[in-house]
Novice: 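Dropping the structure in here first, questions after.
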Amino acid sequence: MTDRDKQRLDELELKTAYILARQDEQDAKLNQIIARLTYVEARQYRLMKELGIDPNNVDTYQTAQDDAKALTAMAAMGHRLN
């Protein structure tokens, strides 16, 4: 193996180590995002239960949109009373 081959091999090993380190960083960030999403989902579920909305029925866009309109109307009425 020539010196040039050894140098090229060292360069490739450095690049590989860098890519693996970046992959580890990205995995950690992805796990943080998943944890936050799980929290938000659980919080959303609890809030929907408190508002009397069955979370299991929110499986269509139309259902979600109707619920959003109802919540907006409720919030508007609350602001008018204050």
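Along the sequence shown, residues are numbered consecutively beginning with 1.
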Novice: Could you tell me which residues satisfy side-chain hydrogen bond (donor to acceptor under 3.5 Å, both in side chains) with Asp5, sequence neighbours excluded, listed by chain and number?
Specialist: Thr2
Novice: Return the set of residues passing side chain to side chain contact (heavy atoms under 4.5 Å, CB included) with Gln26 (not counting sequence neighbours), or none when no residue passes.
Specialist: Arg22, Lys29
Novice: Using links of under 4.5 Å between side-chain heavy atoms of ILVMFWY residues, direct or through other members, which residues join Val40 in one cluster?
Specialist: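 Traced through the cluster, Val40 reaches Tyr39.
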Novice: Between Leu51 and Met48, is there a shared hydrophobic cluster once you connect ILVMFWY residues whose side-chain heavy atoms come closer than 4.5 Å?
Specialist: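 Yes: a chain of side-chain contacts under 4.5 Å links Leu51 to Met48.
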Novice: Quick one: which residue pairs count as a salt bridge (charged side-chain N to carboxylate O under 4.0 Å, His left out) with a foot in residues 37-47, not counting sequence neighbours?
Specialist: none
Novice: For residues 6-20, run the donor-acceptor check on the side chains, cut-off 3.5 Å, and write out each pair with its distance to 0.1 Å, sequence neighbours left out.
Specialist:
unit_1 : atom_1 : unit_2 : atom_2 : d
Arg8   : NH1    : Glu11  : OE1    : 3.4
Thr16  : OG1    : Leu12  : O      : 2.8

